[in-house]
Amino acid sequence: MTRNECKNHELVVLGDEYAGTETIQLWADTGMKFIGVAKGTPSTVDCNAIAEAGIQLSYTPGRNRVAVAEYTIGLMIAVARNITLSCTGLSRGEHVGAPMDDIYDVPDIKNVTFGPLDAKHPFMDYGIGFELYGKKLGIAGYGAIGREVATRALALGMDVSAYDPYISEDRIRIDGVKPASLDDMLRESDIVSIHLPVLPSTKGMVNREWFQKMKPTAYLINTARAAVIDQKDFVEALLDKRIAGAALDVYWKEPVPANHPVLKMRNVICTPHMAGLTTDVDSWSGVMMGEEILAYLKNEPRKYIWKIRS
Ligand SMILES: NC(=O)c1ccc[n+]([C@@H]2O[C@H](COP(=O)([O-])OP(=O)(O)OC[C@H]3O[C@@H](n4cnc5c(N)ncnc54)[C@H](O)[C@@H]3O)[C@@H](O)[C@H]2O)c1
């Protein structure tokens with residue numbers, strides 16, 4: 001529907017469509033009472049204009065929390081076991097045998113192994129990795145995604161702690177997670193996973209001081225937003241081996257510039273902002289927005305109301 005076709009309607013639900021001040025005023029003046037944005041952050045609409053029009057804005061926070069959490073666990077396993085390093089190595093022609101005229105003409109041996117375990121073995125080249133079981137995971141930001149990551153990490157046998165001063169310690173403990181100060185979380189964790197929003201207070205929060213507190217054997221995973229990490233301090237920490245490595249799904253500029261040093265680092269896994277979207281995400285936001293519409297129609301309190309943040 002176009003902006004004008006939405007006039008004289010009481011409810012509108014948007015996906016990626018933009019609605020600026022004029023549109024909001026037009027809709028409010030012609031009887032709009034419910035505005036929904038089926039996104040994790042309603043960044044495509046003028047939230048201030050909606051508030052000024054006296055309309056509560058429904059959105060779908062955490063609609064991709066499962067998508068991002070599963071991806072984060074995937075990155076954790078990938079860094080722990082050098083999966084992408086060995087996978088890209090193989091496709092670049094490392095550790096492959098000579099080409100064969102007929103790849104199906106192989107000896108009838110059931111237990112095919114990769115040997116011998118000498119200096120040329122992939123274990124020596126890529127490293128043998130470590131198990132997540134029994135390792136310590138520190139979660140920075142115990143919100144929708146942080147909580148889902150914790151549940152999955154606990155199922156893998158990890159020891160999970162979370163730093164989030166805005167969530168009560170009791171709420172964190174209910175999940176079997178240890179509430180921790182930032183310093184303790186950084187000092188103890190084998191993997192630190194970032195799930196912070198970008199706010200004036202979190203911008204550049206992951207900086208030199210942060211890396212100095214981490215174990216030199218620890219890995220940093222960031223599927224949140226790059227702005228929470230100080231880019232220069234991060235590159236420096238990797239070059240100086242202040243930390244063992246990292247996995248990144250988000251960058252300070254996207255697409256990530258081709259000459260960015262992280263792309264060439266063997267101890268850094270880079271993916272191009274893939275964590276948040278799955279074929280299932282739309283059904284999560286559909287269900288959440290459906291609940292909001294029903295609550296509105298029944299004049300009941302709504303669960304997913306956007307609050308303007310500082
Ligand atoms: N890679 C992707 O595709 C993708 C997809 C979805 C979301 N994200 C990002 O993931 C991040 C987390 O999203 P979410 O839905 O879990 O957000 P959320 O708002 O549910 O959770 C954020 C948590 O961080 C906490 N927090 C705020 N300031 C803090 C501080 N200074 N120190 C510690 N904790 C603090 C809040 O209390 C909250 O519990 C966001 O940056 C979001 O943009 C990325």
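For ligands, and for the atoms within them, numbers begin at 1 and follow the listed sequence.
For ligand 1, none of its N or O atoms has an N or O atom of Pro165 under 3.5 Å away. Polar contact with ligand 1: absent for Tyr166 (N/O pair, distance under 3.5 Å). For ligand 1, one of its N or O atoms has an N or O atom of Thr223 under 3.5 Å away. Some N or O of Asp164 is nearer than 3.5 Å to an N or O of ligand 1, by distance alone. Between Gly276 and ligand 1, a contact under 3.5 Å exists for at least one N or O pair. Residue contacts with ligand 1: Leu196 is placed with a nitrogen or oxygen under 3.5 Å of a nitrogen or oxygen of the ligand (distance criterion only).
You'll find the side chain of Glu292 stays beyond 4.5 Å of the side chain of Tyr59, heavy atoms only.
Within the 4.0 Å heavy-atom criterion, the part of Met205 lying near ligand 1 is the side chain and not the backbone. At a heavy-atom cutoff of 4.0 Å, ligand 1 is contacted by no atom of Met274, backbone or side chain. With a heavy-atom cut-off of 4.0 Å, Val68 touches ligand 1 through its side chain alone. By the criterion of a heavy-atom distance under 4.0 Å, the backbone of Tyr142, and not its side chain, is placed next to ligand 1.
Interface of Asn64 with ligand 1, defined as ligand atoms under 4.0 Å from a residue heavy atom, comprises 5 (C), 6 (C). Heavy-atom contacts of Ala224 reach the following atoms of ligand 1: 9 (C), 10 (O), 11 (C), 41 (O), 44 (C) (cutoff under 4.0 Å). In summary, the atoms of ligand 1 found under 4.0 Å from a heavy atom of Ile167, numbered by their order in the structure, are 39 (O).
A donor-acceptor pair is defined here as one N or O able to donate and one able to accept, closer than 3.5 Å; such a pair exists between the side chain of Thr2 and the backbone of Glu5.
Atom CZ of Arg302 has more than 12 heavy atoms from other residues, nucleotides or ligands within 6.0 Å. Within 6.0 Å of the CG atom in Asp102, the count of heavy atoms belonging to other residues, nucleotides or ligands exceeds 12.
Across all non-hydrogen atoms, the minimal contact from Leu75 to Ala247 is CB-CB, 3.9 Å. Smallest separation of non-hydrogen atoms from Leu14 and Ala19: CD1-CB, 4.0 Å.
A salt bridge links Glu148 and Arg65; the closest N-O separation between the charged side-chain nitrogens and carboxylate oxygens is under 4.0 Å.
Of the N and O atoms on the side chains of Thr72 and Ser193, not one donor lies less than 3.5 Å from an acceptor on the other residue. Under the 3.5 Å distance criterion, with hydrogens and angles disregarded, a donor-acceptor pair is assigned to the side chains of Thr271 and Tyr71.
Look at His273 and you'll find a heavy atom under 4.0 Å from some atom of ligand 1.
Rounded to the nearest 0.5 angstrom, Asn207 CG and Gln212 CD are separated by 9.0 Å.
When the heavy atoms of Pro61, Ala227, Ser43, Pro197 are ranked by distance to atom 22 (C) of ligand 1, first place goes to Pro197.
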